[in-house]
Amino acid sequence: MPALRPGLLPIFALKISLFMLHRPRRLRHSPALRHLVAETQLHPADFIAPLFAVEGKQEKQAIPSMPGYYRYSLDLLAAEVKDLYQKGCRAVLLFVKVDPTLKDNAGTEAWNKQGLMQRAIRCIKEAVPEMHLMTDVALDPYSIYGQDGIVQNGGVDNDATPEALSHMGPSHAEAGADMLAPSDMMDGRVASLRHALDAHNFTHTGIMSYTSKYASCFYGPFRDALASTPVAQKNIPTDKKSYQMDPANGREARRETALDEAEGADMLMVKPAGAYLDIIAQTRAQTPLPVAAYQVSGEYAMIKAAAEKGWLEEEAALQESLLAIRRAGADLIATYFVHDILRLLQA
Ligand code: PBG
C-alpha cells in the first residue's frame, strides 16, 4: 500500500465527520445549554425533612452515626421547623425518641394525648401552621422489643398491630397531624387506619403509606437515633424480615402497591431509595398516586463518612444521589440532607 501523502490526512478526517449526523456532545457544550436540556430538576418543595423529637429543654443532641443531624427538644424543634419553612421546605416527617420506662409490648404510650409525639405535633402546628406535618405511625419506638408490631404467639402478630395503630392514628390527627405515615409493613394497616380516621371524622387526614419498605441494613443509624434497635429475645429474631420486604424481590412491590392503592393510601413510598431506584421507577409507572422515596439514615451516613475521609465530595454526592432518586420517578424525597440541598438550590 502506498504511503499516504501528509497533505491528504485532513481531507480524509473531514470526510468521516460528514457522515456523523449525531453528536450528543453538542447538547453538553455549555452550562446554559445543559440547564436548558436537563430532564430532571430539584425544587425546594420536593423534600420532606425527617425530625427527631426528645424530652427536655434546650436539647440539641448529636447522633454519632448521623453527623450533622440532631434530636431536638420541643422548644428547639419549633425553631427548627420555622427555619426549614423559611428556607422553602414544605413538609416534615416527625419521629420521637420515647423514654424507655414508657415502652411496653402493646405500644399504649403511642396514643397518650400527653405523649411526646402528641405534644410535638401541637408544638409544630402552633409554630408553623402552614407546614405539612406528617407523622410516623408504627410501634417500634414504643416497643420494649424494638419491633414494629405486638409480639405474641411466637412472633410479631399481624392482626393485633393495626388494631393498635387505629388508636394511634386518630390521636395524631386530633393533635393536628396533616398526614400519617404508617411504616410497619403489617398487612391491612392502611385500610384499618383509613377506617379509624374516618370513624373519628378525620376524613381530611391523609395517609402516606410506606408501601414497599425493605428489610434493609441501611436503617442502622436511625435505630441509633431513636434507640429502637430490635432486642434479642427467645424465638424472635432481631431482624424485621418477617414483615419488611426481601431486598431480592421486585415483583412483590407491585402487589404491595396494588394493595395500598386499594386500601385508600393517598401517597405511596419506597424505602430505602438509592439501592431501590428500580422499585421507584416501577411504582411510578404503576400508580397515578404521588410516589415518595426515603433516602434513609444509612444512605446519609455513607456519604457523610466518605466525605469525612476525603474520599467523596459531599455536596456533589448528595446532589447526585437526590437527582437520581428524582429521575427514577420519585415526586417527593424524604432526606436528611434537606438543609444542604435547600442551600445548594439557592446558590
Ligand atoms: C420504623 C422506621 C424505620 C425507619 C423509619 N421508620 C426503621 C426500621 O424500620 O427499623 C428508618 C428510617 C431511616 O433509616 O432513616 N418504623
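The analysis underlying the following values was restricted to heavy atoms, covering all of them including side chains, and did not include hydrogens, waters or symmetry mates.
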Answer yes or no: is there a donor N or O on one side and an acceptor on the other, between the side chain of [X] and the main chain of [Y], under 3.5 Å?
X	Y	answer
Asp46	His43	yes
Thr161	Ile150	yes
Arg28	Arg34	no
Asp266	Ile207	yes
Arg284	Ala328	no
Asp104	Gly107	yes
Glu299	Val296	yes
Asp331	Val291	yes
Thr287	Thr283	no
His195	Ala191	no

Open item on the list: Please evaluate residues Glu174 and Lys113 with respect to the criterion salt bridge (Lys or Arg N to Asp or Glu O under 4.0 Å), reporting the C-alpha separation (whole Å), side-chain torsions for both, the decisive distance (0.1 Å), and the verdict.
Closed with: CA-CA 9 Å; Glu174 188 182 23; Lys113 284 187 178 186; 3.6 Å; yes
TODO: Anything under 30° is parallel, anything over 60° is perpendicular, the rest tilted; go ahead and classify Tyr300 against Tyr69.
DONE: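 Perpendicular: the ring planes of Tyr300 and Tyr69 meet at over 60°.
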Open item on the list: Before you tell me yes or no, could you show the steps for Lys213 and Asp184 under salt bridge (Lys or Arg N to Asp or Glu O under 4.0 Å), namely the whole-Å CA-CA distance, both residues' side-chain angles and the distance that decides it to 0.1 Å?
Closed with: CA-CA 8 Å; Lys213 175 171 177 178; Asp184 67 7; over 6 Å; no
Quick one: do [X] and [Y] end up in the same hydrophobic cluster if we chain Ile, Leu, Val, Met, Phe, Trp and Tyr together by side-chain heavy atoms under 4.5 Å apart?
X	Y	value
Leu94	Tyr85	yes
Leu277	Met302	yes
Val54	Leu74	no
Val338	Ile63	yes
Leu268	Val190	no

Inter-residue atom distance [X].[atom1] - [Y].[atom2], 0.5 Å rounding:
X	Y	atom1	atom2	answer
Leu76	Asp83	CG	CG	12.0 Å
Arg119	Asn112	CZ	CG	8.0 Å
Asp148	Asp136	CG	CG	8.0 Å
Asp224	Ser65	CG	OG	3.5 Å
Gln295	Lys271	CD	NZ	12.5 Å
Gln319	Glu313	CD	CD	10.0 Å

Open item on the list: Can you confirm if the aromatic rings of Tyr72 and Phe52 lie within a centre distance of less than 6.0 Å?
Closed with: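 No, the ring centres sit 6.0 Å or more apart.
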Open item on the list: Determine whether the aromatic ring centres of residues Phe222 and Phe95 are separated by less than 6.0 angstrom.
Closed with: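 Centroid distance Phe95-Phe222: below 6.0 Å, so yes.
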Open item on the list: Quick one, Glu314 with Lys304, criterion salt bridge (Lys or Arg N to Asp or Glu O under 4.0 Å). Give me CA distance, side-chain angles, the key distance, then yes/no.
Closed with: CA-CA 7 Å; Glu314 181 172 334; Lys304 282 283 179 183; 2.8 Å; yes
Open item on the list: Between His172 and Gln118, is the side chain to side chain contact (heavy atoms under 4.5 Å, CB included) condition met? List the steps.
Closed with: CA-CA 6 Å; His172 290 192; Gln118 288 75 2; 3.9 Å; yes
Open item on the list: If the threshold is 4.0 Å, N to carboxylate O, is there a salt bridge linking Arg251 and Glu256?
Closed with: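 Judged by the 4.0 Å cut-off on N to carboxylate O distance, Arg251 and Glu256 do not form a salt bridge.
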Open item on the list: Arg254 vs Thr257, test: side chain to side chain contact (heavy atoms under 4.5 Å, CB included). Steps then yes/no.
Closed with: CA-CA 5 Å; Arg254 292 189 197 280; Thr257 299; 5.6 Å; no
Open item on the list: Less than 4.5 Å apart, side chain to side chain, heavy atoms only: is that true for His339 and Lys87?
Closed with: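 Answer yes - side chains close enough.
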Open item on the list: Could you check whether any side-chain heavy atom of Ser192 comes within less than 4.5 Å of a side-chain heavy atom of Leu165, counting everything from C-beta outward?
Closed with: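 A side-chain contact under 4.5 Å is absent here.
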Task: Tyr214 six-ring centre to Lys240 NZ/CZ under 6.0 Å and within 45° of normal - done: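 Pair Lys240/Tyr214 does not count as cation-pi.
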Open item on the list: Assess the residue pair Arg343 and Glu315 against the criterion (side chain to side chain contact (heavy atoms under 4.5 Å, CB included)); give the C-alpha distance rounded to whole Å, side-chain angles, the decisive distance to 0.1 Å, and a yes or no.
Closed with: CA-CA 10 Å; Arg343 177 170 40 77; Glu315 290 187 350; 3.2 Å; yes
TODO: Could you walk me through whether Thr135 and Ile121 pass the side chain to side chain contact (heavy atoms under 4.5 Å, CB included) test, one step at a time?
DONE: CA-CA 8 Å; Thr135 57; Ile121 294 169; 3.7 Å; yes
TODO: Mind running side-chain hydrogen bond (donor to acceptor under 3.5 Å, both in side chains) on Arg189 and Ser209 for me, showing each step along the way?
DONE: CA-CA 9 Å; Arg189 76 244 150 96; Ser209 178; 3.2 Å; yes
- [ ] Specify the closest pair of heavy atoms between Met117 and Tyr142, including all atoms of both residues, with the distance to one decimal.
- [x]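 Taking Met117 first and Tyr142 second, the nearest heavy atoms are CB-OH, 3.6 Å.
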- [ ] Determine whether more than 12 heavy atoms belonging to other residues, nucleotides or ligands lie under 6.0 Å from atom NE2 of His132.
- [x]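 Yes, NE2 of His132 has more than 12 neighbouring heavy atoms, counting only those of other groups under 6.0 Å.
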